[in-house]
Amino acid sequence: MPIALKYYTMNRINTLLLWIALPLLLSITGCVKDVNPSDAITTANLTTTSDGLINAVNGAYALLKDHVEFAGSTDENNMYLRQYFQCADFASDDIVCGQTTTDPLFYSFSLGHTATQTNMRYFWYISYKIINDVNTVIEAVEKLSNPDAASRQLLGECYFLRALTHFSLVKFYAMPYTTAPSGAGIILRTSSTDPALKARSSVQEVYQSVIGDAEKGAALMNAPRGAMYASKEAAWALLSRAFLYEDNKDSTIYYSSQVINSGRFTLSTAASYPSLFANAAAAPETIFCVAFTTTEDYGKFGSIASMIYSNGNSGWGEEYASQSLRDTMSAHPEDVRWSYIVPNTVGGVVQKKNGIEMYYISKFSGQGGSPTLSSPILFRLAEMYLNRAEAEAKAGQTGPALSDVDMIRTNRGLAGSLYNGQTPSGQTALDVVLKERRIELAFEGHRSFDVYRNKLSMNRTYWGYHLPGLKESDIDLSVQPSGYANMIISPDNPKIIYYIPIDEIETNSLCTQNN
Amino acid sequence: MKFTRLTAFPAWEPSHKLLFIMRITALFLLFVSLHVSLWAFSQTSISLSVKKQPLAAVLTLIERKSDYRFLYQETSVFSRKEISLKVQNASLDYVLSLILEGTGLGYTINDNHLVVIGEKETAVALPADWIMGVVKNERGEPLSNVSVLIKGTARGTQTDERGRFRIQAAENDSLEFSYIGFETQSVKARSSLDIILRSASQQINDVVVVGYSDKKKSELTSAVTVVTAEKLKDVTTNDIGSMLQGKVAGLQVVNSSGAPGAAAEIRLRGISSVNASQSPLIVVDGIIGGNYDPNDVETVTVLKDAGATAMYGSQANAGVIIITTKKAAAGKTRFEAKITTGFRTPDFGKMKMMSGSQLYEHQKEYYRDYIPANTDNSYKIDLLQFIAERPRTLRSQNYNWLTDMFRHAPMTNFYFTASGRTDKNDYYLGLTYYNEKGSFLNTDYQRINLRANSTHHFSPLISLSNNINMSGTTGKSYDYNDVYYAYLNMPWDNPYDSAGKPVYVDGNSTFKWWSRDKVNPIHTIANSNHPYKNFDVNYDLDFNAGITSWLSFSSTNRLAAAYFKSSTYYSPLAAGQYNGTGYLSELSTLNYGYISNDLLKFNFQLGEHRISGLAGIAFEGSHTELTGASGKGLPVGLQVLNVVSNSQVVSGSNDAAMMQSYISQLNYSFRDRYFLTGSYRVDGSSAFPSAHRYASFPSISAAWLASKESFLADNRTISNLKLRLSYGVTGSQDIGSSRYLGLYSLSSQYNSLVAAVPSQLASPNLTWESKYQWNAGVDIGLFRRIDLTVDVYNNVTRNLLLQVSQPLSVGFEQRWENTGQIVNNGVELGLSTANIVTRDFTWKTDFNISFNTNKLRQFPATNINTQSTWSISQIYREKGNLYEFYMPKWLGVDRQTGAPLWEEITKDAQGGIVYRQATSNYDSATYQEVGSPLPKYQGGITNTFRYKGLTLSVNAYFLYGNKIFSNSLRFVENDGSEPYYNQAVLPKGYNIWTKPGDVATEPSPQNAANSTQTSSRYLKDGSFLSIRNVALFYELPPAFLKRLGVSGVTIGVAADNVYTFTKFFGQDPQATITPGVYVMPGVSDFKYPNNRQYLFNIDFRF
């Protein structure tokens, strides 16, 4: 018996034992448990509930407008649609750069692309996140033995989103179909169990997949949920566009007509057109738009509008409607499409930024009165008329082509300036269609693809900071700039597309880089 | 077999006059055993009913009914005097006063419920072999509770509160006096002894708090550095990390921000993890985690090798820093009050921004007649055009945004403490008020901290401690953009209107505003606010009980809760995106948790063998709850969520983590010179799936104290020599919860409906990251003047918890996996010398330096981490360095064209380099490895000079061989690409290309395409030597103070961040080394600058 222990009374030994026993007991009962996240659900649980599948489909749409954490930060500059519009239109002749910037959006103007530029790394990443998301849903729903109409609608939307996302990728990262159908396209991800390392499919293979998915989606979607969601007609609209890019005239005409004849949509009129973009979700012309609510009004640092419009405080307002575009429209000041080009004037004088005239662009503003909020339209009826018109013009059907163009002009305040079946002298029907298309769809992410897929050169011979080394003092608006690089970009210039992100190249040894 | 428990013996009360009934030695033994047996829960009241009982019998009765024992010389009065008494719940004093009435006897109640009864007012005649004496410190103050032991026996005593002791000892006995914090002293017994104990700062017999137990420094088998409060007091801050800068070998401390209340980043022995936490584990008073005030810190112990850290196995991968807070000092009640006050000024470093006239001259370069493609360039400045666009008046327009936005800012620290110790209770109270105004507009930090430590000793073996620490913080943070514009707005713009008010500027302002973005940050700051508040409580309950002479039980427990709230507010009056609407966002975080360590400890000696150790369990849990809300549409003047009228957004989430551990350790020593320690710990963490939850962390370490061997025992040169060797494993699990699950995040919405977004790839086999550590060290003491410690180590972190990059085309950036290794090898040297020691003057030097190399091994694939905002990349690859920058190499400027040049490398199919050439085409430049932000070596030196009461200390910190990407230069050295940003004055040796043939460092503004793109152009050598602190203290003479009734007064002045010697071009070479949101290790961006600080302080002790 140890010496000291005998001096403890029984009572005290009990107390001591309690001290020792209590933690042992707590330790056994309170042992380490699983900690499940409070705001996330496991993939396995998600795919076994119908709520989970709806949420996952909503997630695919949400990725188009969320600022998702990337490369260690949640950067307000990073939003799928912001990159989608900027990297398309800032590379075109519709928008001029009023100020150099360290933001990678500048490389779309200067063609100083790199594989590390974050906007196009993010765009690539989110595209595949959407694809991964919808693949999971597709695989879960296809396991159901007898899916109801709502489930089939969800499945169709997933096919649509996969088609749209693959299509956008191949537009940004691969040379146009019309230039090199067998050239390197993008990585096709049509199964969630694909090996991680995978090579790029050819452009043609990507188009086949896009068209296959869109057709499947169109067949499945019979329970439309509104313009903020995909629908049968949205899938047809996508098919119309994809076939146009493939230069497949019959199919373009077929699917454009399917949408036009569906009866679900009507063109905005000259009176309603100026408010179309601020009210995209409710407008009868909208086939598919991405819903932004007031909580997604990202303001100066995160909105799409911020770079191209400002009320003085709402945005940076550094990029403007180009002189080239304004010249194209200058013959018709009554054209209601001028309503989306807003000069920043003081006492009637258009202000300049660093020597460049400030013509703000308002197609991404005005929802709920906010200068930085809109629900961007990805498909609308006017494009279907113009797709059809272009296919018709290329197929030699001048009459129908001009009639489709007139249909647009009638509704844009140009009822007095219709073609009425006559091409103006010195112009082809295709010229007419492309000019109309440029004006109608300006700033909506079409222009640079329209130029290059038609094997045309981009002419940016106007003052702006896309000209390398330009200083404000060099600008003389009364003459055209000369002697600068980067003014005429031919369709075979490798910089008309972006580099595959360095992240993919370094981790996926099968993936090749663009030139 | 006889076991002897090695503890100091209890004090007894020699000052009272006593009579003894038996032989004194017998009494002594009885005394000891009684002392041991009597303990807690004393009965304070006595109920008694006796009739005509002898006094002796009554005392026996009281003994039976209470904890009291009586000691008296059995004289006749005890058997004769009869007592009749009836009391109910009476005090012992009352009862004794009644029963001893008229006997002429008095009594004393000893601290152990021993009541000694003897003759009143009569001195005790001590036998001749009793020795008396007093123990004092160097200042002549008595020391209580000093252990007095007869060497080679188990007999001993302690000093009383007046430092007095008495002990029975033979003439030839040697007495040993020992006390924590003082040098142990042995003295031959004499009848009267006055002992002065010297305080021991670097003494090898210091007790060092290591994992879950204390050890003498001489017994340590592992690499441990102790920093006492004495060595921390030169720097005044609210952060212990910055106090440690330059004082511990192997410890890298980075003060990357000068924002009020900012904490330093600490790394020990390099960086051993990629994605898990890399900050050392902080242990406060024996319990992992916890809050404390730097003023309350008694010692900081840095555990560096696995021999020591494996005891904290699970969380100790990055080393362990043990904070021991102050406890009651021995002796009388003490008070201390310390007031520090002064001011801070921003240190803008080597990046000087241009004045109005400098910028004017600089901008002329933008008007050179040069268009690269043309052949008729004159290369002359077109002055006419320049002056047309830049009127000459600009030269005198010189508004200094930096000095308008960064000002002198006062700081004050007030610290008060009271402490004391009685036989049964120790208490310590520390109260701190810290107030720091920020040098940047509208920033500050205030903190109140209260610490109360108390220990109740129920008996010498049983004690219970209650420690509580409460702190409240309020402060104001800042917005990065406001600092950004402080640097970049042009000196030609006046921030103030004619009335001296900040001018309102927005995109529609029609007056001339030169700066690129129409923003006046001073106006923004006047109309915005970023306040935060924090409240934090820790409560520790420690219970210690001796069970037998060699076995004890110890339970240490903590409950902790913290609440943090931060807000961002913009008034509707502020220009910018919230103009007209206003904006308010609030985020609250509640953390709470518990932790318990329950250990059985043993300690016994068997001849020359000593064995000690412990075994037990530990468990902890923590919870975090987040709540946030924001909205717009506020009326001017109000900043509360209730008045937000639109765009409301809410957020909220919670998280939890649990750990469970089984701990054991065995220490063996032989002859006090051979030491062996082994530990084994098993940890389970909720961070991993149940099948992979537990891992074990063993360690073994040994030391040989050679200087105790006979051949060195009397060596005059070598006063201390110890060799150490350790090997062990620690782990890391600190990556957050649920990293192993495949997840869809539900925190998004689409069209106001719940949206699930794929957020994480599953990794079902995820488990611990482990660090395998070797350490060999030697401690050498020479001439009792020089202490040298050298350690070498090899640390290999295996199964890294790594976010392995995935091809982005799978839809995920990375997946958590256990793969790859990091190897850190290094040498550390710590040298303390007493250069001059005389009675009045001493000069001491503490120097340390450490070298570390870092290599990655067995990496699954090359991981490239490309930061989001500026596309700065770092590469992780086989045999590479951690955080290695990966970017095109800058080759300067083309002499003929003035264009920037980068290196382009052509490789053959095998990856061999065929040739290198210069290119002006950025996208054909080759990405390559160009350096890492981790230093090759670093260290510190502190010189302390003392002349009488005057002490001067100078502390420097240095770092060598690290590369810092000076990202600010992208803006302030931009070759005119953004002409409306202010520029930095080019340092010596930099020049701009003006015409063909120029050898220049800066490209032509007319031909600088992509020159500001990420490249090694902005990658700079981050080496520096910083005079961290200079402090001068004067201790007022004790003689003078005695008259004032004060025991000590120290006054002092100190300067912090005095000067930094560096070639670094940029804001500050102290760039963050912690990967995080928006930040990449080694990237220096516009930041809240560090501050110089000038302080006066006064310290009263009474």
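Only a predicted model underlies this, so the values are computations on that prediction, with no experimental measurement involved. A note on names: the letters A, B, ... follow the listed sequences, proteins ahead of strands, and every chain is numbered from 1.
In summary, B:D382 and A:K471 do not engage in a salt bridge, as defined by a charged side-chain N under 4.0 Å from a carboxylate O. Between B:D506 and B:K518 there is no salt bridge, since no side-chain N of the basic residue sits under 4.0 Å from a carboxylate O of the acidic one. Taking a cutoff of 4.0 Å between a charged side-chain nitrogen and a carboxylate oxygen, A:E318 and B:R516 qualify as a salt bridge. Taking a cutoff of 4.0 Å between a charged side-chain nitrogen and a carboxylate oxygen, B:R693 and B:D683 do not qualify as a salt bridge.
Neither the backbone nor the side chain of A:Y465 has a heavy atom closer than 4.5 Å to any heavy atom of chain B. For chain B, the nearby parts of A:I41 are the backbone and the side chain; heavy atoms of each come within less than 4.5 Å. Contacts of B:Y694 with chain A are made by side-chain atoms alone, with heavy-atom separations under 4.5 Å and no backbone atom involved. For chain A, the nearby part of B:D517 is the side chain; its heavy atoms alone come within less than 4.5 Å. Only the side chain of B:Y367 has a heavy atom closer than 4.5 Å to any heavy atom of chain A. Both the backbone and the side chain of A:F301 come within contact range of chain B, with heavy atoms under 4.5 Å apart. No part of A:N135 comes within reach of chain B, as not one of its non-hydrogen atoms sits under 4.5 angstrom from that chain. Heavy atoms of B:T510 lying under 4.5 Å from chain A belong exclusively to its side chain. The contact between B:P1005 and chain A is made by backbone and side chain atoms together, counting heavy-atom distances below 4.5 Å. Looking at B:Y927, only its side chain comes within 4.5 Å of chain A, counting heavy atoms on both sides. Both the backbone and the side chain of B:S653 come within less than 4.5 Å of a heavy atom of chain A. With a 4.5 angstrom heavy-atom cutoff, B:Y922 touches chain A only via side-chain atoms. Using a 4.5 Å cut-off between heavy atoms, B:S630 does not touch chain A at all. For A:K65, the part sitting under 4.5 Å from any heavy atom of chain B is the side chain, from C-beta outward, and nothing else. Contacts between B:A656 and chain A at a heavy-atom distance below 4.5 Å involve backbone atoms as well as side-chain atoms. Contacts of A:I502 with chain B are made by side-chain atoms alone, with heavy-atom separations under 4.5 Å and no backbone atom involved. For chain B, the nearby parts of A:V35 are the backbone and the side chain; heavy atoms of each come within less than 4.5 Å. Proximity to chain B (any heavy atom under 4.5 Å) is shown, for A:V68, by neither the backbone nor the side chain. Contact annotation for A:T101: both backbone and side-chain heavy atoms come within less than 4.5 Å of a heavy atom of chain B. Contact of B:N1010 with chain A is made through the side chain alone, with heavy-atom distances under 4.5 Å.
In summary, the side chains of B:S871 and A:T118 do present a donor paired with an acceptor at a separation below 3.5 Å, with no hydrogens or angles considered. One side chain, A:E296 or A:T293, offers a donor N or O that lies under 3.5 Å from an acceptor on the other. With hydrogens and angles left out, the side-chain atoms of B:D655 and B:T624 include no donor and acceptor closer than 3.5 Å. Using modelled atom types, one finds no donor on one side chain facing an acceptor on the other under 3.5 Å when comparing B:S747 with A:D39. Under the 3.5 Å distance criterion, with hydrogens and angles disregarded, no donor-acceptor pair is assigned to the side chains of A:E504 and A:Y499. No side-chain donor-acceptor contact under 3.5 Å links B:D923 and A:T114. Between the side chains of B:Q803 and B:R815, no donor N or O sits under 3.5 Å from an acceptor N or O. The closest side-chain donor-acceptor pair between A:S303 and A:T372, if any, does not fall under 3.5 angstrom.
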* Evaluate the criterion ring pair (Phe, Tyr, Trp, His ring centres under 6.0 Å) for residue pair B:F971 and B:W870; output intermediate values, then yes/no. => CA-CA 12 Å; B:F971 300 90; B:W870 306 115; 5.3 Å; yes
* To do: Determine, step by step, whether A:F70 and A:Y125 satisfy the ring pair (Phe, Tyr, Trp, His ring centres under 6.0 Å) criterion, reporting the C-alpha distance in whole Å, the side-chain angles of both residues, the deciding distance to 0.1 Å, and the verdict.
  => CA-CA 9 Å; A:F70 177 65; A:Y125 169 56; 5.2 Å; yes
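When each of A:Y229, A:Y122, A:F106 is scored by its heavy-atom pairs under 4.5 Å with chain B, the top score falls to A:Y229. Put simply, of A:D297, A:N45, A:D34, A:D103, the one with the most heavy-atom pairs under 4.5 Å next to chain B is A:D34. Among B:V754, B:L753, B:N579, B:V649, the residue making the largest number of heavy-atom pairs under 4.5 Å with chain A is B:V754. Counting heavy-atom pairs under 4.5 Å between each of A:N354, A:D194, A:D133 and chain B puts A:D133 at the top. When A:I54, A:T100, A:T294, A:N508 are compared by the number of non-hydrogen pairs under 4.5 Å with chain B, A:T100 comes out ahead. Among B:G631, B:G652, B:P807, the residue with the largest count of heavy-atom pairs under 4.5 Å with chain A is B:P807. Counting heavy-atom pairs closer than 4.5 Å to chain A, the top residue among B:A1009, B:S647, B:S809 is B:S809. Chain A forms more heavy-atom pairs under 4.5 Å with one residue of B:Q806, B:K632, B:M1080 than with any other, namely B:Q806. Counting heavy-atom pairs closer than 4.5 Å to chain A, the top residue among B:Q385, B:Q749, B:E389, B:E813 is B:E813.
Looking only at side-chain heavy atoms (C-beta outward), B:D598 and B:F619 come within less than 4.5 Å of each other.
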